[in-house]
Protein chains: 4
Amino acid sequence: MSPAPASEMQPADGTLLTARGFRSREALLAAARHLFRTKGYANTKIADITEEAGRALGSFYTYFDNKEAVLEQLAEDFKAEVEDRFAETDLNAGEPHEVVRELCAIYWSSCRDHSAELAAIFQASMLDDHFARRWREIRADARNRIADGIRAVAAAGLATDPDPDVTASALGSMLDYFCYVWLIEGGEADRSSISDDVAVSTMTRVLYRTVFAAPEPN
Amino acid sequence: MSPAPASEMQPADGTLLTARGFRSREALLAAARHLFRTKGYANTKIADITEEAGRALGSFYTYFDNKEAVLEQLAEDFKAEVEDRFAETDLNAGEPHEVVRELCAIYWSSCRDHSAELAAIFQASMLDDHFARRWREIRADARNRIADGIRAVAAAGLATDPDPDVTASALGSMLDYFCYVWLIEGGEADRSSISDDVAVSTMTRVLYRTVFAAPEPN
Amino acid sequence: MSPAPASEMQPADGTLLTARGFRSREALLAAARHLFRTKGYANTKIADITEEAGRALGSFYTYFDNKEAVLEQLAEDFKAEVEDRFAETDLNAGEPHEVVRELCAIYWSSCRDHSAELAAIFQASMLDDHFARRWREIRADARNRIADGIRAVAAAGLATDPDPDVTASALGSMLDYFCYVWLIEGGEADRSSISDDVAVSTMTRVLYRTVFAAPEPN
Amino acid sequence: MSPAPASEMQPADGTLLTARGFRSREALLAAARHLFRTKGYANTKIADITEEAGRALGSFYTYFDNKEAVLEQLAEDFKAEVEDRFAETDLNAGEPHEVVRELCAIYWSSCRDHSAELAAIFQASMLDDHFARRWREIRADARNRIADGIRAVAAAGLATDPDPDVTASALGSMLDYFCYVWLIEGGEADRSSISDDVAVSTMTRVLYRTVFAAPEPN
DNA sequence: TATGAATGAGATTTCATTCAT
DNA sequence: GATGAATGAAATCTCATTCAT
């Protein structure tokens with residue numbers, strides 16, 4: 001769908017990769033993605049990644065400085081793709097409820113398609129200051145979008161909000177952790193999965209009602 | 001045969017502790033609490049805890065089997081106290097908006113007063129299946145409370161919700177992660193703290209508007 | 001049966017014990033004996049002994065310097081009693097086959113009644129040079145008795161043996177390890193116990209035939 | 001895909017080792033063997049083994065899970081070799097006394113050449129149920145051979161034995177512990193070593209006389 | 001004497017990273 | 001580039017022994 005990022009032909013040290021090297025690097029990234037999702041970031045060892053990728057342990061260091069660097073790469077790709085998806089959509093046009101729903105749908109599907117990255121960076125954000133900052137940056141984008149929406153609604157006199165930024169933080173927290181719970185943790189105590197439609201509708205409901213202080217149309 | 005010294009106390013695990021032992025155990029718990037909050041659960045080593053508590057490394061094992069056992073104890077106390085706080089309040093009486101606000105206030109102050117436990121168990125839930133389950137249990141309480149509220153509102157014909165449990169999950173996720181972000185992570189990219197009032201008002205706003213699909217009174 | 005050894009009223013440092021102290025010391029010895037037999041010497045911790053004895057950990061050191069000292073005491077009592085039992089019997093009188101049988105019977109019953117000491121000292125002899133020497137001393141008694149018997153038989157012209165001491169060593173090894181296997185290890189792969197009679201008869205058979213180079217009478 | 005380097009070897013556990021790895025593994029096994037014999041199994045630490053082998057501590061875990069695994073490997077090799085040595089010899093042919101002598105000679109030389117394994121597994125059998133079972137298995141082979149011999153002698157009407165299996169157990173105990181005492185413990189209180197010939201002759205004497213109830217020929 | 005908490009040396013095990021082949 | 005063995009620092013946990021009460 002999206003073209004390979006320019007970074008893919010170029011490892012950290014700036015040198016170019018041969019085709020063979022390129023394949024190895026991709027295999028390692030794919031293995032890491034898989035393991036981060038299934039075992040968690042902290043519980044994944046370098047040796048797990050190379051084994052899963054069918055490569056020798058030492059080969060890992062040909063392409064990455066350490067596990068953080070892998071996540072850094074994955075997080076970058078993740079952020080870029082989420083931004084792409086938002087950019088492709090005109091959130092200012094259309095019926096408000098539809099716009100909100102579209103935003104939630106993009107968020108949900110991005111998280112679903114990148115659950116490994118979501119799991120890893122969410123977890124890493126709790127272990128490591130660097131990734132805490134990184135994660136805040138990624139979160140900020142959606143949060144600002146929401147805050148802008150709240151302000152626009154207020155400007156239109158449809159609802160008031162004494163603190164749009166904090167409300168946006170709360171709604172962003174809801175989106176993030178709701179996705180984490182259902183896509184990675186495996187749901188709540190009494191229910192382990194939901195359909196895409198229920199997920200998106202629920203996220204939409206909370207966002208729409210909070211921003212507009214009114215029920216959804218129909 | 002000989003009577004227990006007056007100084008003996010009965011901690012959770014059923015064994016008797018002398019006053020001296022009781023103090024050591026408390027010192028270790030306090031140290032763990034402090035470190036879990038400041039360095040995070042995973043980054044805290046047993047040796048850090050004993051050092052902070054001014055005890056020898058080996059003394060840790062007089063009181064706990066391992067680091068998990070410390071968190072288990074803290075989590076238990078946390079859960080018990082949050083439940084106590086909720087039990088003390090009659091959430092069914094009074095004006096709805098006030099009830100919601102009260103619930104949010106309890107949640108926020110519980111998390112604030114137990115930010116160490118919140119941080120630790122949140123983190124541990126991502127590293128360890130056991131704590132993931134534990135955390136789900138703790139979360140379930142507030143979630144069910146919210147779901148009940150949504151159903152009551154629907155029964156009163158004030159608003160509709162096609163899926164109260166999932167909405168409650170979303171709102172619970174908001175509460176949890178909002179508290180985590182502001183009380184432990186140190187806020188968002190462009191703002192590092194908020195007042196209790198702003199926090200509670202914001203949480204209340206999201207909850208109230210989502211449940212009632214209407215603006216707050218006044 | 002046998003009177004309390006003089007050592008029982010006197011701990012290692014030469015001081016006398018009060019009645020209370022005497023009871024504690026006995027409780028610890030009994031506990032050690034029990035644990036040495038069931039868990040083995042090496043696998044028994046000081047804390048296990050005091051717990052089994054219903055005493056506080058620290059009390060152990062009131063009576064013994066360490067675990068070795070307990071075994072030393074038990075071994076001493078064991079050696080003394082085995083020697084007593086042999087001394088009570090006149091091995092030179094009577095029909096030869098009966099004498100051999102009597103010797104084996106004493107050996108077997110001593111080991112059976114002191115299986116804890118046997119287990120402990122056998123094990124300790126393999127871990128610790130001091131007990132290896134101690135065990136050799138204990139073994140030497142029976143071995144010399146056997147060697148004397150072989151020489152007497154040779155002197156009587158009933159059989160020859162080029163190396164009575166080594167043969168006695170082999171027969172002593174048989175006695176020791178046969179007792180260990182059946183009384184402590186719980187028998188062989190396909191049979192877990194034998195009657196006293198079969199045990200004694202078998203030991204007798206090997207000894208008698210080896211010494212006399214002839215079948216037992218009848 | 002790429003062919004295995006010519007230097008790769010196939011050790012017991014199924015993984016492939018490079019020549020270098022093979023050498024390290026052998027060095028560790030040799031070091032363990034040496035230390036088990038001189039210091040005993042229980043007194044040998046993993047660090048002792050790696051130091052003796054001139055390897056880093058961590059390297060041990062490249063080849064073995066723990067100390068038990070090393071002994072398991074040594075025990076396996078030991079058992080296999082003893083069985084080989086017996087298999088190579090036709091114990092049913094020849095003059096009975098020579099057959100018995102041959103069996104004892106094999107036993108003695110096997111134990112002498114594998115005194116490290118003998119010491120270690122003997123000791124471990126007293127500390128650990130797993131090795132107790134293992135050791136019983138290894139012992140069972142010789143014991144059954146002896147029991148068969150006793151039955152054959154009885155069938156030929158040369159001697160009687162009311163309980164061939166228990167007699168075989170006693171004779172097996174003699175062989176095992178006699179070898180242990182003279183090859184590992186360093187002999188008896190008054191004599192520290194014996195020649196191979198005296199050892200084998202003595203073992204033979206006890207076995208032959210017990211089984212045949214008669215003096216050896218000549 | 002009795003108690004049990006305190007101590008810390010020592011042993012095991014893990015794993016990120018380096019490096020020789 | 002690829003390989004996998006080598007390394008050793010760090011962390012966990014145990015337990016004999018001491019000691020204050």
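To find a chain, count down the sequence lines: A is the first, B the second, and so on, and within it residues start at 1.
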Kindly indicate, with the supporting measurements, whether the criterion side-chain contact (heavy atoms from CB on, under 4.5 Å) is fulfilled by A:L28 and A:V70. CA-CA 9 Å; A:L28 290 167; A:V70 177; over 6 Å; no
Report the distance from atom [atom1] of [X] to atom [atom2] of [N], rounded to the nearest whole Å.
{"X": "C:R55", "N": "E:dG4", "atom1": "CZ", "atom2": "P", "value": "12 Å"}
{"X": "D:F22", "N": "F:dG4", "atom1": "CZ", "atom2": "C1'", "value": "17 Å"}
{"X": "A:L28", "N": "F:dA2", "atom1": "CG", "atom2": "P", "value": "9 Å"}

Between the main-chain N or O of B:T44 and the side-chain N or O of B:K67, is there a donor-acceptor pair closer than 3.5 Å?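 Yes, the answer is positive, given that a donor and an acceptor are paired below the 3.5 Å cut-off.
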Check whether any side-chain nitrogen or oxygen of D:T62 sits under 4.0 Å from OP1 or OP2 of F:dA5, and answer yes or no.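 So the side-chain polar atoms of D:T62 never come under 4.0 Å of the phosphate oxygens OP1 or OP2 of F:dA5.
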Is the phosphate of F:dA6 approached by D:S24 (side-chain N or O, under 4.0 Å from OP1 or OP2)?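 For F:dA6, OP1 or OP2 has a side-chain N or O of D:S24 closer than 4.0 Å.
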Is C:R33 salt-bridged to C:E26, going by a charged N under 4.0 Å from an acidic O?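 Looking at C:E26 together with C:R33, the answer is no, because their closest N to O distance does not fall below 4.0 Å.
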Is there a side-chain contact between C:I121 and C:E117 (heavy atoms, below 4.5 Å)?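 They are not in contact (no side-chain heavy atoms under 4.5 Å apart), so the answer is no.
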Mind telling me whether B:W135 and B:F122 have parallel, tilted or perpendicular rings, with 30° and 60° as the class edges?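 If you compare the ring of B:F122 with that of B:W135, the planes turn out tilted.
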Angle between ring planes, C:Y41 versus C:F131, binned at 30° and 60°: parallel, tilted or perpendicular?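 Taking C:F131 first and then C:Y41, their aromatic rings stand perpendicular (interplane angle over 60°).
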Polar atom pairs (N or O), protein with nucleotides 18-21 of chain F, under 3.5 Å:
none

Please report the C-alpha distance between B:D48 and B:E52 in whole Å, then the side-chain angles of each, then the deciding distance to 0.1 Å, and finally whether the side-chain contact (heavy atoms from CB on, under 4.5 Å) criterion is met. CA-CA 6 Å; B:D48 297 333; B:E52 171 95 7; over 6 Å; no
Nearest-neighbour nucleotide for the A:T18 side chain, E:dA5, F:dA5, F:dG1 considered: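 Minimum distance to the A:T18 side chain belongs to F:dG1.
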Consider the side chain of A:Y63, meaning its heavy atoms from C-beta on, and name the nucleotide among F:dG1, E:dA6, F:dT3 that approaches it most closely.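 So the side chain of A:Y63 is nearest to F:dG1.
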If you apply the rule side-chain contact (heavy atoms from CB on, under 4.5 Å), what do you find for C:F64 with C:I46, and how did you get there? CA-CA 11 Å; C:F64 306 99; C:I46 306 277; over 6 Å; no
D:H130 and D:E68: side-chain donor and acceptor closer than 3.5 Å?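 The criterion, which ignores hydrogens and geometry beyond distance, is not satisfied for D:E68 and D:H130.
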Starting from Watson-Crick (N1-N3 plus N6-O4 or O6-N4) and G-U wobble pairs under 3.5 Å, report the runs of at least three that DNA chain E belongs to.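 Correct response: E:2-21 with F:2-21.
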When you look at B:Y63 and B:L17, which way does the side-chain contact (heavy atoms from CB on, under 4.5 Å) test go after all the steps? CA-CA 10 Å; B:Y63 302 100; B:L17 283 183; 3.8 Å; yes
On DNA chain E, check which nucleotide each of C:S59 and D:S59 is closest to and give me the residue with the more 5' one.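 The residue mapped nearer the 5' terminus is C:S59.
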Among residues 33-54 of chain C, which contact DNA chain F at a heavy-atom distance under 4.0 Å?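 The answer is C:K45, C:I46.
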Please tell me which of D:F60 and C:E68 maps to the more 5' nucleotide of DNA chain F, matching each residue to the nucleotide holding its nearest heavy atom.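 The residue closer to the strand's 5' end, by nearest nucleotide, is D:F60.
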Euclidean distance, A:T38 OG1 relative to A:I184 CD1, rounded to 0.5 Å: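 The OG1 atom of A:T38 is 11.5 Å from CD1 of A:I184, to the nearest 0.5 Å.
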